[in-house]
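Notes follow the structure.
Count residues from 1 along the sequence.
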Amino acid sequence: MNSTALAQRPSDRLGRPVPKGRTPTPQARATVARLCDGLEPRRDLLIEHLHRLQDALGGLSRDALVALAERLRLSQAEVYEVATFYHHFRVLDDGAVPPRVTVRVCTSLPCAQAGGEGLLARVRAALAGDPGVAVEAVPCIGQCHAAPAACVGQRQVAPAPAEAVIELARAGETAPRRAPAHGAPPQPHDYAQLERLLRGELRPIDVLRELEASGLRGLGGAGFPAWRKWVTVAGQPGPRHGVVNVDEGEVGTFKDWHLLAHDPRPALEGLLIAAAVVGLRHLWIYVRDEYPDVRALLAQELRALRERLAVWQQRHPHAFGDPDAPRADGTRALLPAGGPAIELRRGAGAYVCGEESALIESIEGKRGLPRLRPPIVAQRGVFGRPTLAHNVETLWWLPTLLRDGGAAWAAGGVRGRAGWRRYSVSGRVRRPGCYLRPAGTTLRELIEAAGGMADGHELYAFLPGGASGGILPAALADEPLDFDTLAAHGAFVGSMAVVVLSQADRARDAAASLLRFFAHESCGQCTPCRAGTAQAVALLQDEVWGRERLADLSQAMREASICGLGQAAPNPFDSVLRYFPHEVTR
């Protein structure tokens with residue numbers, strides 16, 4: 001086609017008056033404008049806009065997505081691909097009627113052990129005649145301590161008797177439950193260590209020294225030394241940002257939910273201490289969508305915190321200003337004027353967003369696809385700026401170790417380990433729950449803390465680190481459960497999600513359940529993970545497992561997957577072949 005012909009097609013040129021594709025109806029424009037009122041029309045708030053629409057409408061019609069694309073000045077393809085990436089968004093065909101209520105029943109390993117599949121069947125059967133209710137099987141919703149668990153809309157039900165779930169769904173009672181700490185009054189010790197820092201009693205270098213002395217490591221799974229991460233980010237040019245990862249989607253993990261639901265202020269204090277020491281301007285707290293009670297509680301706490309920041313600025317004006325502008329006396333402001341901006345962001349049902357770079361993509365309003373490295377997020381994170389990323393428990397410990405001293409905190413560990421850990425314990429124990437124990441605690445000690453094995457059950461195997469950490473036999477119950485202690489056994493503790501199996505379970509069934517989880521949660525970006533998890537699910541159905549084929553598959557996934565999901569996904573079936581061969585051979 002010649003240039004004259006091109007000139008006669010203005011819709012093909014840049015600067016077109018309307019984007020390509022479908023034109024939204026006036027009704028859709030009005031609906032989107034009304035429901036998204038108060039949300040800035042920013043690209044990074046795309047997922048927040050989608051939540052507004054789905055919460056109100058029960059689903060996302062194509063017309064609403066087109067109107068939203070117009071509002072945000074995005075292509076329709078961008079909005080559609082984000083809406084269809086996350087499991088909790090329901091994109092509707094034209095003419096489809098969204099459900100009035102969505103019931104999600106967990107069928108991951110701890111809930112399956114507690115009868116999750118039976119719960120799902122009973123709820124489906126009872127509600128089958130109600131076209132306004134959708135019942136779905138879903139992966140872990142972070143309530144493993146009270147299995148089986150379900151969500152009716154945004155109302156968590158754990159444990160979940162079928163009758164209670166059915167009654168709530170029929171009544172349309174879908175609002176979040178109140179977290180235990182909701183409405184907790186201020187306490188004298190709230191933010192005490194942060195105030196020491198603001199008034200100059202503690203210096204940033206003092207905090208770093210205590211942090212190094214404590215041996216505190218990232219407790220979200222990777223175990224990287226916290227002080228080293230802080231120094232790395234602080235050494236980058238400003239502006240620098242911070243993110244809190246509350247997307248603990250690992251099967252069997254619920255410790256961050258436990259901390260935030262019962263006592264969120266130490267984590268928020270730890271976040272502001274990190275912001276002051278590292279010089280962070282903007283903070284994001286990313287909460288998985290399965291935790292609506294925690295999200296509501298954090299919104300309440302952040303409103304109160306903003307009021308506190310105004311008081312602190314009046315009380316300690318020298319601590320506020322431009323953290324990146326050195327003063328004449330050689331000091332710098334610890335926090336931006338008014339305090340750092342803090343945004344609460346809502347996930348949408350994607351386990352892969354627990355990986356820090358995928359989480360950052362989601363914060364930017366995109367699909368949660370892990371980034372290739374280098375650069376690491378400490379160098380190039382949110383919006384391309386250096387970013388400090390931590391999970392909740394790591395931040396939660398900061399006020400304690402500053403109050404008591406880093407060395408004293410480190411001395412709490414046993415068997416040569418440093419500090420304290422919170423273990424999520426579920427499965428065949430008498431009292432599943434979140435247990436505070438010294439680092440280096442063994443499985444046998446954890447079972448004892450949890451009241452022993454459940455009646456009629458004997459220890460057969462255990463998962464030391466959730467879905468990713470492998471499956472170990474009862475013979476290893478006296479090994480310390482901490483970073484670096486299980487590598488020789490082909491396992492790791494990760495986020496310290498311990499799931500206990502008994503003679504009523506088979507390791508091969510547990511592995512198959514975990515691989516179905518990984519296949520469901522793979523983002524699909526890389527072939528080794530996308531195709532590898534699906535192939536593994538098929539291979540694990542064989543009565544006799546093909547050792548050589550699974551070994552080849554494991555190697556390919558470990559060496560070529562982009563992120564930890566694909567790299568760790570082979571751990572369950574590798575563990576079965578190593579420790580439970582009698583289950584998969586004749």
Separation between CZ (R345) and CD1 (I363), nearest 0.5 Å, reads 6.5 Å
Assess whether atom CD of E81 is packed by more than 12 heavy atoms of other residues, nucleotides or ligands within 6.0 Å.
-> yes
Look only at the side chain of H262 and the backbone of H258, and say whether a donor-acceptor pair between them is shorter than 3.5 Å.
-> yes
Just wondering, do L472 and Y579 contact through their side chains at under 4.5 Å, heavy atoms?
-> yes
V244 versus Y286: any side-chain heavy-atom pair under 4.5 Å?
-> no
State, to 0.1 Å, how close S561 and Q567 come at their nearest heavy-atom pair, and which atoms those are.
-> O-NE2, 3.0 Å
So, R530 versus T527: side-chain donor-acceptor pair below 3.5 Å or not?
-> yes
Counting distance only, does the side-chain N/O of S424 pair as donor-acceptor with the main-chain N or O of A497 below 3.5 Å?
-> no
Shortest non-hydrogen pair, A274 vs L388, comes out as CB-CD2, 3.9 Å
Using the side-chain contact (heavy atoms from CB on, under 4.5 Å) rule, take W397 and L219 through it: C-alpha gap first, then chi angles, then the decisive distance, then the call.
-> CA-CA 10 Å; W397 279 116; L219 298 173; 3.8 Å; yes
How are the rings of F518 and Y351 set to each other: parallel, tilted or perpendicular (split at 30° and 60°)?
-> tilted
Measure the spacing between OG1 of T394 and CG of D256 and express it to the nearest 0.5 Å.
-> 8.0 Å
Do T442 and D478 get their side chains close enough for a donor-acceptor pair, meaning under 3.5 Å?
-> no
So do the side chains of L211 and L216 get within less than 4.5 Å of each other, counting heavy atoms only?
-> yes
For Q541, look at atom CD and say whether over 12 heavy atoms of other residues, nucleotides or ligands are found less than 6.0 Å away.
-> yes
Flag the pair D455 / R430 as yes when at least one side-chain heavy-atom distance between them is below 4.5 Å, and no otherwise.
-> yes
For the residue pair E250 and S468, confirm or rule out a side-chain donor-acceptor distance under 3.5 Å.
-> yes
N/O donor-acceptor pair under 3.5 Å between Q54 side chain and H88 backbone = yes
Between H145 and W257, does the ring centre distance come in under 6.0 Å?
-> yes
Do Q113 and D505 have side-chain atoms, one donor and one acceptor, less than 3.5 Å apart?
-> yes
Step-by-step side-chain contact (heavy atoms from CB on, under 4.5 Å) determination, N245 to V392 = CA-CA 7 Å; N245 186 342; V392 171; over 6 Å; no
Determine, stepwise, if the pair V544 / V584 fulfils side-chain contact (heavy atoms from CB on, under 4.5 Å).
-> CA-CA 5 Å; V544 177; V584 294; over 6 Å; no
Looking only at atom types and distance, does a side-chain atom of K229 sit under 3.5 Å from a main-chain N or O of A389, one as donor and one as acceptor?
-> yes
The single option from R371, R43, R385 that satisfies salt bridge (charged side-chain N to carboxylate O under 4.0 Å, His left out) with E364 is R371
Does one side chain, of T533 or S522, offer a donor that lies under 3.5 Å from an acceptor on the other?
-> no
State, to 0.1 Å, how close R578 and G490 come at their nearest heavy-atom pair, and which atoms those are.
-> NH1-N, 3.3 Å
Can E248 and S495 be said to form a side-chain contact (heavy atoms from CB on, under 4.5 Å), step by step?
-> CA-CA 8 Å; E248 54 173 4; S495 60; over 6 Å; no
Does the side chain of R367 reach to within under 4.5 Å of the side chain of Q525, using non-hydrogen atoms?
-> no
So, W396 and H390: side-chain donor and acceptor under 3.5 Å apart, yes or no?
-> no
Without swapping roles, check the side chain of W230 against the backbone of V278 for a donor-acceptor pair under 3.5 Å.
-> no
For the rings on F483 and F492, is their centre-to-centre separation under 6.0 Å?
-> no
Which atoms form the tightest heavy-atom contact between V425 and A450, and what is the distance?
-> CG1-CB, 4.4 Å
Looking only at heavy atoms, which two atoms of V576 and A507 are closest? And how far apart?
-> CG2-O, 3.7 Å
R558, CZ atom: more than 12 neighbouring heavy atoms under 6.0 Å = yes
Does L283 reach the side chain of V243, with side-chain heavy atoms less than 4.5 Å apart?
-> no
Step through the shown structure and confirm whether more than 12 heavy atoms of other residues, nucleotides or ligands are within 6.0 Å of CZ on R415.
-> yes
Separation between CZ of R422 and CE of M496, rounded to the nearest 0.5 Å | 12.0 Å
Sub-4.5 Å side-chain heavy-atom contact between Q76 and L65 = no
Say whether T485 and D482, considering side chains only, have a donor N or O and an acceptor N or O under 3.5 Å apart.
-> no
Checking S575 side chain against I471 main chain: does a donor-acceptor pair fall under 3.5 Å?
-> yes
Salt-bridge present (R431, E448; N to O < 4.0 Å) | no
For the side chain of R217 and the backbone of A226, is there at least one donor-acceptor N/O pair under 3.5 Å apart?
-> no
Taking only Lys NZ, Arg NE, NH1 and NH2, and the carboxylate oxygens of Asp or Glu, determine whether E393 and K255 approach each other closer than 4.0 Å.
-> yes
Polar side chain donor-acceptor pair, R421 to T441, under 3.5 angstrom = no
Identify the two heavy atoms, one from G368 and one from A358, that lie closest to each other, and give their separation to 0.1 Å.
-> O-CB, 3.5 Å
Below 4.0 angstrom, N of the basic side chain to O of the carboxylate: do E479 and R444 qualify?
-> no
Assess the pair F580 and F573: is the distance between their ring centroids shorter than 6.0 Å?
-> no
Would you check if the side chain of S554 reaches a backbone N or O of L550 as a donor-acceptor pair within less than 3.5 Å?
-> no
Residues in side-chain hydrogen bond (donor to acceptor under 3.5 Å, both in side chains) contact with R104, at least two apart in sequence or another chain | none
Out of curiosity, S513 OG to R506 CZ, how far, rounded to the nearest 0.5 Å?
-> 13.0 Å
Charged N to carboxylate O below 4.0 Å: is that the case for R346 and E290?
-> no
So CD1 of I285 and CG of L344: to nearest 0.5 Å the spacing works out to 6.0 Å
Is the F89-H51 ring centre distance short of 6.0 angstrom?
-> yes
Under a 4.5 Å cut-off applied to non-hydrogen side-chain atoms, are F462 and L481 in contact?
-> yes
Can you tell me how far the CG atom of L443 sits from the CG atom of L463, to the nearest 0.5 Å?
-> 10.5 Å
Could you tell me whether R90 and E136 have a side-chain N and a carboxylate O separated by less than 4.0 Å?
-> yes
Between the side chains of S362 and Y86, is a donor N or O closer than 3.5 angstrom to an acceptor N or O?
-> yes
Say whether, by atom type as modelled, one donor and one acceptor occur between the side chain of Q379 and the main chain of P386 under 3.5 angstrom.
-> no
